[in-house]
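What follows is one structure encoded as structure tokens, with my remarks underneath.
Chain identifiers are assigned alphabetically (A, B, ...) following the order of the sequence lines, protein sequences preceding nucleic acid strands; residue numbering begins at 1 within each chain.
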Protein chains: 2
Amino acid sequence: MADVTLREVARASGCSVATVSRVLAGTRPVGAETARRVREAAEALGYRPNHAARALRGHRTGTVGLVLPQITNPFYPALVRELTHALHADGRAVLLADCDDDPAAEAEYVADLLSRRVDALLVIPADEERSRDAVAAAAARVPLVLMDRGCGPGVADSVAVDNATGMALVLDHLAATGRRRVCFLGAAGTASAAAERRGAYAAGAGALDPGAVARVALGDFSVEWGRAAVDEVWPARPDALVCANDLIAIGALQRLQQLGVAVPGEVAVTGFDDIPMAALSSPGVTTVRQPVPELAAEAARLLGLRLSGDDTGPRRSIRLAPKLVVRESSARGPAAIPAPAGTGESAPFR
Amino acid sequence: MADVTLREVARASGCSVATVSRVLAGTRPVGAETARRVREAAEALGYRPNHAARALRGHRTGTVGLVLPQITNPFYPALVRELTHALHADGRAVLLADCDDDPAAEAEYVADLLSRRVDALLVIPADEERSRDAVAAAAARVPLVLMDRGCGPGVADSVAVDNATGMALVLDHLAATGRRRVCFLGAAGTASAAAERRGAYAAGAGALDPGAVARVALGDFSVEWGRAAVDEVWPARPDALVCANDLIAIGALQRLQQLGVAVPGEVAVTGFDDIPMAALSSPGVTTVRQPVPELAAEAARLLGLRLSGDDTGPRRSIRLAPKLVVRESSARGPAAIPAPAGTGESAPFR
DNA sequence: CTGAAAGCGCTAACAC
DNA sequence: GTGTTAGCGCTTTCAG
């Protein structure tokens, strides 16, 4: 079962290696009878092209590097799944690197992947700023698409969810179900998801309640922060906690439960991303579902374009609209309880 | 920033490509002064070896293929993380393939990875039986380590958790906290995790209660099955539900909550794996934690051995002991309530 | 200790 | 329509 080379297939089918190459690659027309013999021989011998040789010769390896900050972040496995499927469908293989949220490690992985001659890179940057140099340098060498998080303007093509629309969906839903005293449990820092969701809340929350814009607690995208944040904002007696992602929402839910606060009765809680846990927690978390398969498809499409020579266009930044998924954590707000139409501002706490 | 080759480094440092190669690879002794000049030139030019050429020449690519059934299975991201880190630490890159639980796709991915000349394969087989042929064929070509699930005896090296020990830890814990009417919510099928956990329950549960061995409901490793399984076994009024994994346990918890059954008051619930959700559910799920970093390290070590010529030994099958993680879902059983020592068999349902 | 040279397996000119 | 041939960038004999 040693490696079968083109030469052996050529010998077995009585023609030259060039012909065999042409038949198998379909590069140029070949006589029908010859082609048949070649294909038979290749099949019989179990010929498998040697990608290393192909890569050396053709300057393309058929591989794409995927660099992400933390595969254990529960949002990423679904994205990785869709990305690998989309890329494999195009005949590309995926080299995976998890940089553990460390921009230095990320830079090393990017360099290593480049030296392995990946045809392109898909990067979810670890840090908006500290990832920029490595990403920009890499983007100058191969097509590179940023996903999920940005990395400064104009650095590379990018594909992400439209955070502003997502946040607006949440605020509209809360307004429609009678919530007014909303507050925001978000993430500090410049990471685009953090900043955009924060900004969208600030832009939209004023319509519900002028005071809402100021009711903001900022930490990170974790369950622990969600728990802690509740203690910061609960004294203000909000009727809705708008969380910047599902992990924060789940932490908030836990802490509220400890405090004996009824959800959604007393306060609604919403998340963002729709990670698997959001559906499984109880109450289920109302959240904004990212269009993961479509995000992956767009990223793959962009890479494909850049790889097939359409490399000329300007940087593209694609934003896909998310969808609101309503679950129990925000069901039946005060307004749903038959009551005289009011501002909601004066809704009773209970 | 075009690709710098050995030849250019050679020219810049005034010596031959052979010498440069030797300096950079450290293959053979080279004059100190020459070595310094070479290293300087390489550094200055930003030389990066071309892995494709190296692979063609040296018959090893420095890559390992990782094939798994479903990256979205919440147990796998942590394993993938540790595996990639361990392999990267050895200077190898990881080609990832998610076969979506389909043995046919799995076989294709394995074949593709082989034609890409991976040095070795890490496989979590999709199916104990239907994965066997492809795995066996691949194992004949490159070092291959099975993880998490088996694939028939003697097919390849394997690394997995010791399911029997894990199950025994659970049963001991339940016995120690006074539970006696245990029952098992497991998974049907021949997959090793399913079969071994089932077997271990059957072997150990009799010690708690002769009837326990028969109180078994079999479905699959899903939350949905966990919910459904509760309806099957609840009429028997068990005081503990031993679940074959955490997803089943979480589903069971949800259904029990719907039914208004107190956990752990009325019934304890245990899982297996310790996925992130197990800690975040409320009550937290008592479970068996797989030693993920150690499993990954063992797998990487085994691959390293096989790759460095120690290929001669017999197939190795490594089992690592797991650890019990006690959380609220099994806290304070009936025996913890001061009461006359009894069989526990007669413990009140409450 | 260092250089010259032969390929690894494949594709793409370039002939016929 | 098919064969011949020249490398892709690297490692590794084999000479010096």
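- Checked options A:Leu68, A:Leu66, A:Leu79; the residue passing with A:Met147 is A:Leu79 (criterion: side chain to side chain contact (heavy atoms under 4.5 Å, CB included)).
- Nucleotides of DNA chain C that come within less than 4.0 Å of any heavy atom of chain A span, from the 5' end to the 3' end, C:dG9 to C:dA13.
- Separating the CG atom of B:Leu56 from the P atom of D:dG9 is a distance of 12 Å, rounded to the nearest angstrom.
- Between B:Asp3 atom CG and D:dC8 atom P the separation is 13 Å, expressed in whole Å.
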Salt bridge (Lys or Arg N to Asp or Glu O under 4.0 Å) evaluation trace for B:Glu33 with B:Arg36 = CA-CA 5 Å; B:Glu33 168 60 13; B:Arg36 199 188 50 70; 3.2 Å; yes
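- In this structure, B:Gly58 reaches neither bases nor backbone, as no heavy-atom distance under 4.0 Å exists between it and the strands shown.
- With D:dC8, D:dC10, D:dT4 as the choices, the nucleotide that has an atom nearest any side-chain atom of B:Leu6 turns out to be D:dC10.
- Using a distance-only test at 3.5 Å, with no hydrogens or angles considered, a donor-acceptor pair links the side chain of B:Arg37 to the main chain of B:Ser13.
- Map A:Pro49 and B:Ala32 each onto its nearest nucleotide of DNA chain C; the residue landing nearer the 5' end is B:Ala32.
- Across all strands, B:Thr5 comes closer than 4.0 Å only to sugar-phosphate atoms, never to a base (heavy-atom distances).
- Each of B:Pro29 and A:Ala18 was assigned the nucleotide of DNA chain C with the nearest heavy atom; the assignment lying further toward the 5' end belongs to B:Pro29.
- Heavy-atom distances to DNA chain D give each of B:Arg28 and B:Ala52 a nearest nucleotide, and the one nearer the 5′ end belongs to B:Ala52.
- Rounded to whole Å, atom P of D:dC10 lies 20 Å from atom CZ of B:Arg117.
- A:Arg37 places its CZ atom 12 Å from the C1' atom of D:dT2, with the value rounded to the nearest Å.
- Checked options A:Leu114, A:Val64, A:Leu307; the residue passing with A:Val142 is A:Leu114 (criterion: side chain to side chain contact (heavy atoms under 4.5 Å, CB included)).
- Interface remark: the A:Arg22 side chain does form a donor-acceptor pair with the D:dG3 base, using a distance-only criterion of under 3.5 Å.
- Between the side chains of A:Thr61 and A:His51, no donor N or O sits under 3.5 Å from an acceptor N or O.
- Rounded to whole angstrom, the span from the CZ atom of A:Arg116 across to the C1' atom of D:dG9 amounts to 16 Å.
- The CZ atom of A:Arg7 sits 13 Å away from the C1' atom of D:dT4 (whole-angstrom rounding).
- Taking the side chain as every heavy atom from C-beta outward, B:Val110 and B:Val135 never approach each other to under 4.5 Å.
- With hydrogens and angles left out, the side-chain atoms of A:Asp148 and A:Tyr76 include a donor and acceptor closer than 3.5 Å.
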